[in-house]
There are 2 protein chains.
Amino acid sequence: MEAPAYQRIAATFRGRIATGVLRPGDQLPTEHDLADQFGVARQTVRAGLGVLVGEGLIVARRPRGYFVREREHMVYRPQEKSRPRPAVPEMDRFSEQIAATGRTPSYSIEVALIEAGADLAERLRLDPSATVVARRRVRYINGEPTNINDSHFPIDLVRDSEIMLPAYLARGTDRVLAELGYAQHRAIDEIFVRMPTPDEVHRLGLGPGTPVAVHFDTGYTESGRPVQCAVNVLPGDRHRIVFERHWS
Amino acid sequence: MEAPAYQRIAATFRGRIATGVLRPGDQLPTEHDLADQFGVARQTVRAGLGVLVGEGLIVARRPRGYFVREREHMVYRPQEKSRPRPAVPEMDRFSEQIAATGRTPSYSIEVALIEAGADLAERLRLDPSATVVARRRVRYINGEPTNINDSHFPIDLVRDSEIMLPAYLARGTDRVLAELGYAQHRAIDEIFVRMPTPDEVHRLGLGPGTPVAVHFDTGYTESGRPVQCAVNVLPGDRHRIVFERHWS
DNA sequence: TAGTGGTCTAGACCACAGG
DNA sequence: CTGTGGTCTAGACCACTAT
């Protein structure tokens with residue numbers, strides 16, 4: 001009735017991390033040493049540590065060894081998007097927030113024309129084969145990729161506008177959309193939790209065992225027409241999503 | 001410059017799932033067959049499939065084989081909590097929502113006195129060693145565990161109240177709290193994303209590769225005093241979190 | 001260059017549930 | 001009973017990077 005050896009190894013270090021015997025940044029013994037200590041083959045040790053890597057508790061830094069993972073959360077507030085701003089802001093909201101903490105924000109921006117597909121078609125009330133403008137950005141803090149923000153617009157709305165240019169827009173796309181006559185008055189936020197795709201792992205430099213939150217932000221005009229759908233991919237080890245509610 | 005064999009195997013089936021060649025519920029070839037097809041050892045096949053299990057794309061059902069995972073999301077609306085309800089509701093909100101879709105909701109309830117600890121202490125503005133009442137529930141749909149809802153209260157507020165009894169409360173703890181003079185007027189929702197603890201895996205019957213969203217709901221009275229902090233653990237493969245915003 | 005983790009093999013035995 | 005996945009071993013070679 002005993003647990004398999006690799007699970008005992010995992011449980012041992014999971015416990016040491018939970019109780020603080022091992023703290024973030026601390027190094028674990030090498031696979032070789034653990035094989036000796038537990039009297040098992042190295043592959044068995046690897047299976048055990050693999051469990052903890054999958055749980056996001058430790059990371060392998062070759063050829064240094066295994067380390068207890070350190071995490072730092074930035075606050076992510078979807079509601080900020082619908083709060084008033086100065087008419088001519090110096091920076092977009094993300095840059096503002098990061099710069100306020102003394103760090104350096106930056107972007108990579110890319111604009112593409114794509115087929116809507118099922119997810120976007122449903123939210124923007126288009127045909128799945130309709131063309132949408134995808135404004136794809138990766139946001140960086142101090143050069144480290146932090147999250148993905150892909151905004152999508154029906155092409156009829158934004159043709160020939162600034163939104164089509166892969167350049168930084170200090171006042172934000174929402175403002176541009178409003179100037180085009182599509183001011184948003186209502187939005188729906190949907191959050192899914194899943195493991196990242198290989199593409200997301202690549203774009204965000206994610207380690208194994210890092211789940212992501214996918215935040216769909218669909219904006220509607222006063223007449224109820226959806227004009228914008230943003231897909232934000234937030235690595236779980238870097239974000240804390242915050243909402244605020246008031247009773248009515 | 002070729003990818004390792006186990007990654008090619010993972011990529012092969014990841015692709016077939018993404019493109020719909022393999023659909024949810026479909027079975028994969030056996031480890032033995034794949035070892036033959038790819039000309040590698042069975043352990044190598046296991047490493048490849050292990051990647052996909054970790055990504056939550058497939059599940060192993062011994063001794064049947066590997067299957068493409070099926071997922072179904074229930075809608076989770078934190079904002080509902082601050083919407084008005086009938087004075088004497090027949091069921092709590094969760095049961096109402098589930099029963100409305102023709103399924104059967106149920107609960108397991110357990111009440112414990114615990115030390116607050118760092119997370120709760122910070123949110124309830126207590127000392128980490130202070131005692132709080134933990135009302136721990138697992139919510140089931142058709143007998144399947146669906147999510148965890150652990151509500152916490154400073155003991156001074158709820159001593160001798162119904163909240164201390166491990167019994168179903170149709171009108172909900174928020175109402176009881178209001179009757180005790182601690183009506184909530186404001187709440188903060190925080191959402192974290194991470195891999196589940198072994199305890200959560202056990203309580204929720206989670207498969208490998210299933211991340212969870214942890215939703216902290218902290219409620220405040222009109223005077224700004226925190227009176228309640230609920231920790232909801234939502235398996236990523238079963239939930240879609242939805243908020244709604246209106247421009248002000 | 002030494003030592004780390006990353007990959008792979010070719011066996012083996014086991015527990016479990018379906019036919 | 002048969003075949004599945006689950007676990008384990010004792011080797012081997014490789015790629016990478018800190019020193």
Side-chain angles (χ1 to χ4, degrees), chain A residues 1-14 17 22 25-70 198 201-202 205-210, chain B residues 1-14 22 25-69 198 201-202 205-210:
Chain A
M1 295 269 30
E2 238 182 24
Y6 81 101
Q7 286 183 18
R8 288 203 310 273
I9 294 171
T12 298
F13 288 98
R14 193 187 289 117
I17 293 168
L22 283 172
D26 285 357
Q27 183 167 12
L28 277 68
T30 67
E31 294 178 349
H32 180 81
D33 288 352
L34 288 174
D36 284 353
Q37 288 176 29
F38 284 85
V40 297
R42 190 180 143 223
Q43 284 288 15
T44 305
V45 171
R46 281 181 66 72
L49 298 184
V51 171
L52 300 185
V53 170
E55 290 174 6
L57 293 177
I58 64 176
V59 290
R61 295 215 301 257
R62 199 181 45 164
R64 304 277 312 285
Y66 289 91
F67 294 82
V68 180
R69 188 156 170 171
E70 325 190 46
V201 168
H202 175 251
L206 299 179
T210 308
Chain B
M1 293 277 20
E2 239 183 21
Y6 81 101
Q7 286 183 17
R8 289 204 310 274
I9 295 171
T12 298
F13 288 98
R14 195 188 288 117
L22 283 172
D26 285 357
Q27 183 167 10
L28 277 67
T30 67
E31 293 179 349
H32 181 80
D33 288 352
L34 289 173
D36 284 353
Q37 288 176 30
F38 285 86
V40 297
R42 191 182 142 222
Q43 284 288 17
T44 305
V45 171
R46 281 181 64 71
L49 298 184
V51 170
L52 301 185
V53 170
E55 290 174 7
L57 293 177
I58 64 176
V59 290
R61 295 215 302 256
R62 199 181 46 163
R64 305 277 309 288
Y66 289 90
F67 294 81
V68 181
R69 187 157 172 173
V201 168
H202 175 250
L206 299 179
T210 308

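Naming convention: chains lettered A, B, ... in sequence-line order (proteins, then strands); numbering from 1 in each chain.
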Between D:dT9 atom C1' and A:Ile9 atom CD1, what is the distance in whole Å?
13 Å
With a 4.5 Å cut-off on side-chain heavy atoms, are B:Phe38 and B:Thr12 touching?
yes
How many whole angstroms separate atom CG of B:Leu52 from atom P of D:dG5?
14 Å
Please determine, for the side chain of A:Arg46, which listed nucleotide (C:dT9, D:dT9, C:dG5) has the closest atom?
C:dG5
For A:Glu70, what residues pass the side-chain contact (heavy atoms from CB on, under 4.5 Å) criterion, not counting sequence neighbours?
A:Pro24
For residues 48-57 of chain B, dump all side-chain donor-acceptor pairs below 3.5 Å to protein atoms at least two apart in sequence or in another chain.
unit_1: B:Glu55; atom_1: OE1; unit_2: B:Arg14; atom_2: NE; d: 2.9
unit_1: B:Glu55; atom_1: OE2; unit_2: B:Arg14; atom_2: NH2; d: 2.7

Which part of the nucleic acid, if any, lies within contact of A:Arg61, taking any heavy atom under 4.0 Å across all strands shown: a base, the sugar-phosphate backbone alone, or nothing?
nothing
Atom CG of B:Asp36 and atom C1' of C:dT9 are separated, to the nearest Å, by 14 Å
Would you indicate, yes or no, if C:dT9 has its OP1 or OP2 atom less than 4.0 angstrom from a side-chain nitrogen or oxygen of B:Thr44?
yes
Any A:Tyr6 side-chain N or O less than 4.0 Å from OP1/OP2 of D:dT9
no
Please determine whether a side-chain nitrogen or oxygen atom of B:Gln7 lies at a distance below 4.0 Å from atom OP1 or OP2 of C:dG6.
no
Sort out for me which residue in B:Leu34, B:Ile58, B:Val68 forms a side-chain contact (heavy atoms from CB on, under 4.5 Å) with B:Phe13.
B:Leu34
Protein-nucleotide distance (A:Asp33, atom CG; C:dG5, atom C1'), rounded to Å:
13 Å
Between protein and nucleic acid, restricted to nucleotides 12-19 of chain C and to nitrogen or oxygen atoms under 3.5 Å apart, what atom pairs and distances do you find?
unit_1: C:dA12; atom_1: N6; unit_2: B:Arg42; atom_2: NH1; d: 3.4

Rounded to the nearest 0.5 Å, the CD atom of A:Gln27 sits from the CZ atom of A:Arg64 at a distance of 6.5 Å
Roughly, in whole Å, what's the span from CD in A:Glu31 to C1' in C:dG3?
12 Å
To the nearest 0.5 Å, what is the distance between CZ on A:Arg42 and OG1 on A:Thr30?
9.0 Å
Tell me what B:Ala5 touches on the nucleic acid: a base, only sugar-phosphate, or nothing, going by heavy atoms under 4.0 Å.
sugar-phosphate
Measure from CZ on A:Arg8 to P on D:dT7 and round the result to the nearest Å.
13 Å
More 5' along DNA chain D: B:Gln27 or A:Val40, using each one's nearest nucleotide?
B:Gln27
For the residue pair B:Thr210 and B:Arg69, establish whether any side-chain heavy-atom pair is separated by less than 4.5 Å.
yes
